[in-house]
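What you see below is based on every heavy atom in this structure, not just the backbone, and it leaves out hydrogens, waters and symmetry mates. Along the sequence shown, residues carry numbers from 1. In each ligand, atom 1 is the first atom listed, and ligand 1 is the first ligand listed.
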Amino acid sequence: MMMRNLVLASAPIALLAAFAPSAAAARGETAATVEIEAGQPGPKIDRHIFGQFAEHLGTGIYGGIWVGPDSKIPNVRGIRSDVVGALKAIKVPDVRWPGGCFADEYHWRNGVGPHRRSTVNANWGGSIEPDTFGTDEFMDFIHQIGSDAYVSVNVGSGTLEEASDWMAYMTADQRSSAGADRAANGHAEPYTVKYVGLGNESWGCGGNMRPQYYIDLMKRYARFTRNYNPAQQGDTNPNAMQRIAVGPTDDDAAYTEAVMEAWSKRDWSWSIEGLSLHSYTVPHWPPSLPSVGFGEDDYASILQATLTMEQKIAKHSAIMDKYDPDKKVALVVDEWGVWLAENPGSPKGFLQQQNSMRDAIVAALNFNIFARHADRVRMANIAQMINVLQSLILTDGPKMLLTPTYYIHQMYLPFQDATFVPVKFDAGEYRHGQVALPKIDAVAVKATDGKLYLSLVNLDPAAGSTVRVTLPQGRFGKANGQVLTAPNVNSVNTFEQPNTVTPRPIAGKVAGGVMTIDLPAKSVAMVALER
Ligand code: AHR
C-alpha cells in the first residue's frame, strides 16, 4: 500500500478497523480513507498554475482563436466568440504566447500595423505564417478572455534591441515613438505585460546554448526588456512584470543549477522572478502512442510517466532551495501535458491529437502535484490551449468542442488562489503488469469562497472505490460536487458526440464527522464540503 502526503505521524488504524464495507466494496470494489488536516493550512495555490500556452503552431492560433473579422464564424474583431466564451468560463489566468520554438524565430514587427509580412513557420510543418494575428490581436484576445499576458521574447534568433523595442511598443506611453506607433495601430493606452519569457528552450530549439552562454545573454535581456507601463512600476507593485528565465527540461538539472547560482550572485542591475521547467508526458521519444483506441498498457504507462512530474519538481525545487531558501523565484512549469502521435491524416508538424478520459486524469494528477508544491510552483501552462497536443478546446471550421481536459480545468476552479490543506490518505494500489501506481489521489483546499473542497482521483480503470473522509472538526453537513468519468479510459468527445465525457453531479454522505463517497472507476471528483 502506498502512503502519500503523510502529514500525521501514523495511519488512522482505528478508522481503518472501524470501516464497514459498503455496497461498492461488496461488488469487489475497494475502500480508501482520507483524513483532512484543516488545522495546518499550507501555502496559497496560485491561480496561474492553470495558465495556458498558445503557440503559432498548426491551427492553435489560426482557426482556433483567429478567424478574421470577415469570417462567417461569429467573432469580435476576428477572434472567435465561442472560444472566448469557453475560456472566460474557466477563468484562464494567463496565456503564454507566441511560442514555444516559434517564439525564438518570431519577429514582432511582421505582425503589427496595416502591412503584415508573412513568413515560413519552419518549426511546425513549414506552413505560411500570415502574421495577421500579432501583438495587438493577442492583447485584444487576452482582454476578451480576461487573462494576463505572458509574452516570450526572441532570444534565439532576434536581437536585444528588437526585444527591447517590442516591450516599448507594448508598454510605453504615447510620448515615445513606440507608444505612438501602438496608438496609431489602435491602442492608445499601454498594455499590461504581466510576464515576460526570456527565451524558450535555449538548451534546445532556442539555440542549443551552454548554460553559461545563455546566462550571459539572459542577464542582458533581464535588464533591458524594460516594462514602461506606469501601472507596473515599483518592486513591491503586485502588478510588476515578472521575468521568467529558461530553466530545465525534465530532470536535467544543468540549467537549474547554473541559472539559480547566477541569480544568487546577482547585483542590483538584473534579476528574474521565475525559472521555467518543460516536462511533457511522453513515455518514448518521438511521441508514438495513439490518442484514441488505446488499451490498458498505454493507459498505465502514460499515468506512470505523468506521475514522475512529482520527482522532477522535487529535484529542481531542492536545487532552487539551495540558492533561494526564501522561494523568491517561482518554478514555472510553462510547458506540460501529454504528447502523443499526431492524428492520422492530419498535416505533419501540426501536433494534432485527440483528448480522452485518460488525459483528464493526467491533468488532475498534475494539478494535484502542482498544488502540493504550491510554495515553489506558482505558474504552469498546459501545452496547448486549442487544437495542439493536450488541448482544452478542439475546433473544425465553425464547430467547437470541449475536451475532457477542459472539464478538469472547470472542475478545479475552486483551486484558483485557494489555500492548500494537508490530507493524509492510504492511496491503495492500481497494478497493471509491471506497473504499480497509487489507486487514489487526494488534495484538499480552502477556497476563496470559504468552502473546503476535496479533489479525489481514482486511477483504477476498472474498479471503483468507496472513500471515507474524516472531516476536520466543525459541523459539516453537505458534500456535493461534480465527477468526471466515462465509459472507457479512451473515451473522447467528438464533433458528432461532444458530450461523451462531461461532468455530472456527485454527492457524499456526511455523518458523525465522516463523509463517505463512492468514487467510480477512472474518475476525477471535486467535492465541496459545507456546513
Ligand atoms: O509545445 C510544442 C513545443 O514543445 C514547443 O514549441 C517547444 O517549446 C517544446 O519543445
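- The proximity of L389 to ligand 1, defined as any non-hydrogen pair under 4.0 Å, is limited to the side chain.
- Taken from CD in Q354 to CG in D359, the straight-line distance is 9.0 Å, to the nearest 0.5 Å.
- Of all protein heavy atoms, the one lying nearest to atom 1 (O) of ligand 1 is Y280 OH, 2.7 Å.
- Closest heavy-atom approach to atom 3 (C) of ligand 1 within the set F102, W124, F53: this belongs to W124.
- When each of D136, T171, N229 is paired with Y191, the side-chain hydrogen bond (donor to acceptor under 3.5 Å, both in side chains) condition holds for D136 and for no other.
- Nearest heavy-atom pair across N185 and P114 is OD1-CD, 4.1 Å.
- Checking only distances, Q384 does come within under 3.5 Å of ligand 1, N or O to N or O.
- Those atoms of ligand 1 that come under 4.0 Å of a heavy atom in N200, given as number and element, are 8 (O).
- Shown in contact with E55 at under 4.0 Å from a heavy atom are these atoms of ligand 1, numbered in order with element: 1 (O), 2 (C), 5 (C), 6 (O).
- Note: no N/O pair closer than 3.5 Å links C205 and ligand 1 by distance alone.
- Between Y255 and Y214, the gap from one ring centroid to the other is short of 6.0 Å.
- Of the protein's non-hydrogen atoms, the one nearest atom 8 (O) of ligand 1 is E335 OE2, 2.7 Å.
- The atoms of ligand 1 that sit less than 4.0 Å from any heavy atom of E201 are 7 (C), 8 (O), 9 (C), 10 (O).
- A donor-acceptor pair under 3.5 Å is formed between the side chain of R116 and the backbone N or O of D131.
- Centroid-to-centroid, the aromatic rings of Y106 and W97 come within less than 6.0 Å.
- Here F53 and Y150 keep their ring centres 6.0 angstrom or further from each other.
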